[in-house]
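Below is one structure; the comments refer to it alone.
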Amino acid sequence: RADELIAQGKADRARVLLRPYTGERHHPLVWFSAYQRLYALQDETILPRLIATAASGHQPSFDLIRPELERINPATLPADLIYPLAQRAARQQHYPVVLTLTRGFAQHHPDHPQLINNYLLAARALAKTGHAERAQQLLTQMLSRFAHHEKVAQIRATLNLLQQQG
C-alpha cells in the first residue's frame, strides 16, 4: 500500500502508513522494507536505528545509509558504533566513509578503547586513497602518543609497510 501511495505522489500518507512499522517495537532486521521505504521518503527519524543496525552487521542497513555516513558529522554518533561501521566500510573499500567516521575521534572520545583501532583504519584508508604521507604522519603521531599501548607493534608494522611502499 505504501508503494502505491508513493507512486501516486502521496508521500505524507505513505509516511503515516509506514511509521508504525518503524517504531521501537519493530526492529529494522525484521521490518527492513518499511524502514527502507520510510528512509527513501527522507524521514531522518529512523536514521539512528538504521545506524545501530548497520553497526551490528546488517548489510542492507549499511548499504542504505552509506551515502549518509560519508557526510555525517561523526561527533553526532555514539562512540561505540564508529569502529564497527568504519570496519565494515573498510572491508568494502568505502574509504571516504572510513575517513568521515574516524575524523576527530580522539578529540571527541580521547579515552575510548577503540581509539587506536579507529586510527589504524583511518591510516589505512588514507594510504588507499593516495595519502600515504598523511597516513605515515598519523601513525607516527600514534607511536609517540601511545608508545606503551598493546597495539604499538601493529602501528609500527603498518607504518613500516607504508614506508616500504613509498
Side-chain angles (χ1 to χ4, degrees), residues 22 27-33 35-166:
T22 59
H27 196 279
L29 289 175
V30 177
W31 297 91
F32 182 72
S33 62
Y35 278 83
Q36 186 177 31
R37 285 170 175 81
L38 192 56
Y39 187 75
L41 294 171
Q42 295 156 3
D43 189 319
E44 297 294 319
T45 62
I46 60 172
L47 184 60
R49 291 182 57 112
L50 286 168
I51 288 171
T53 304
S56 74
H58 188 241
Q59 188 63 43
S61 291
F62 180 84
D63 293 340
L64 181 64
I65 64 170
R66 187 183 54 75
E68 179 74 22
L69 293 176
E70 197 168 327
R71 61 183 179 270
I72 201 164
N73 176 356
T76 64
L77 296 173
D80 290 339
L81 299 184
I82 291 175
Y83 182 64
L85 289 168
Q87 209 176 20
R88 181 165 291 283
R91 268 190 247 117
Q92 296 176 11
Q93 301 177 359
H94 295 300
Y95 301 118
V97 174
V98 174
L99 295 172
T100 297
L101 290 170
T102 57
R103 184 181 67 235
F105 190 83
Q107 178 184 9
H108 300 291
H109 313 286
D111 299 320
H112 196 276
Q114 294 295 347
L115 183 102
I116 299 287
N117 290 332
N118 278 312
Y119 280 132
L120 280 167
L121 282 177
R124 291 179 186 132
L126 283 167
K128 294 286 188 179
T129 57
H131 303 284
E133 189 174 304
R134 285 179 51 204
Q136 289 176 34
Q137 289 172 349
L138 176 60
L139 292 165
T140 301
Q141 290 169 357
M142 289 171 64
L143 280 175
S144 118
R145 182 172 173 202
F146 304 105
H148 303 291
H149 193 277
E150 63 187 37
K151 296 214 176 207
V152 74
Q154 191 176 358
I155 297 168
R156 271 198 187 95
T158 305
L159 180 60
N160 289 337
L161 181 65
L162 287 177
Q163 289 171 336
Q164 291 171 5
Q165 292 174 351

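- Below 30°, between 30° and 60°, or above 60°: for His112 and His109 the angle between ring planes is above 60°, a perpendicular geometry.
- A distance of 6.0 Å separates CZ in Phe62 from CG in Leu69, rounded to the nearest 0.5 Å.
- For the side chain to side chain contact (heavy atoms under 4.5 Å, CB included) with Leu126, the lone residue among Gln137, Arg134, Glu133 that qualifies is Arg134.
- Counting heavy atoms from C-beta outward, Ile116 and Met142 have side chains that approach closer than 4.5 Å.
- Minimum interatomic distance between Pro110 and Arg145 (heavy atoms only, all atoms of both residues): O-NH2, 4.0 Å.
- Residues Asn117 and Gln87 form no side-chain contact, since every pair of their non-hydrogen atoms from C-beta on lies 4.5 Å or further apart.
- Residues Phe146 and Val152 are not in side-chain contact: their nearest non-hydrogen atoms beyond the backbone lie 4.5 Å or more apart.
- At a threshold of 4.5 Å between non-hydrogen side-chain atoms, the residues Gln92 and Gln59 count as touching.
- In terms of heavy-atom proximity, Arg88 sits nearest to His58 at NH2-N, 4.5 Å.
- At least one side-chain heavy atom of Ile72 sits less than 4.5 Å from a side-chain heavy atom of Ile51.
- Proximity of Asn160 to Gln163: side-chain heavy atoms (C-beta onward) are separated by under 4.5 Å at one or more points.
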>> Would Asp80 and Gln114 count as a side-chain contact (heavy atoms from CB on, under 4.5 Å) here? Give the steps.
In response: CA-CA 8 Å; Asp80 290 339; Gln114 294 295 347; 5.8 Å; no
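- Within the 4.5 Å cutoff, the side chain of Leu120 has heavy atoms near those of the Leu139 side chain.
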> Under the side-chain contact (heavy atoms from CB on, under 4.5 Å) criterion, do Arg71 and Thr100 qualify, and how do the steps go?
Replying inline: CA-CA 7 Å; Arg71 61 183 179 270; Thr100 297; 6.0 Å; no
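- Expressed to the nearest 0.5 Å, how far CH2 of Trp31 lies from OG1 of Thr22 amounts to 10.5 Å.
- Counting heavy atoms from C-beta outward, Thr53 and Tyr35 have side chains that stay 4.5 Å or more apart.
- Distance check, rounded to the nearest 0.5 Å: CG of Leu161 to CZ of Arg124 gives 9.0 Å.
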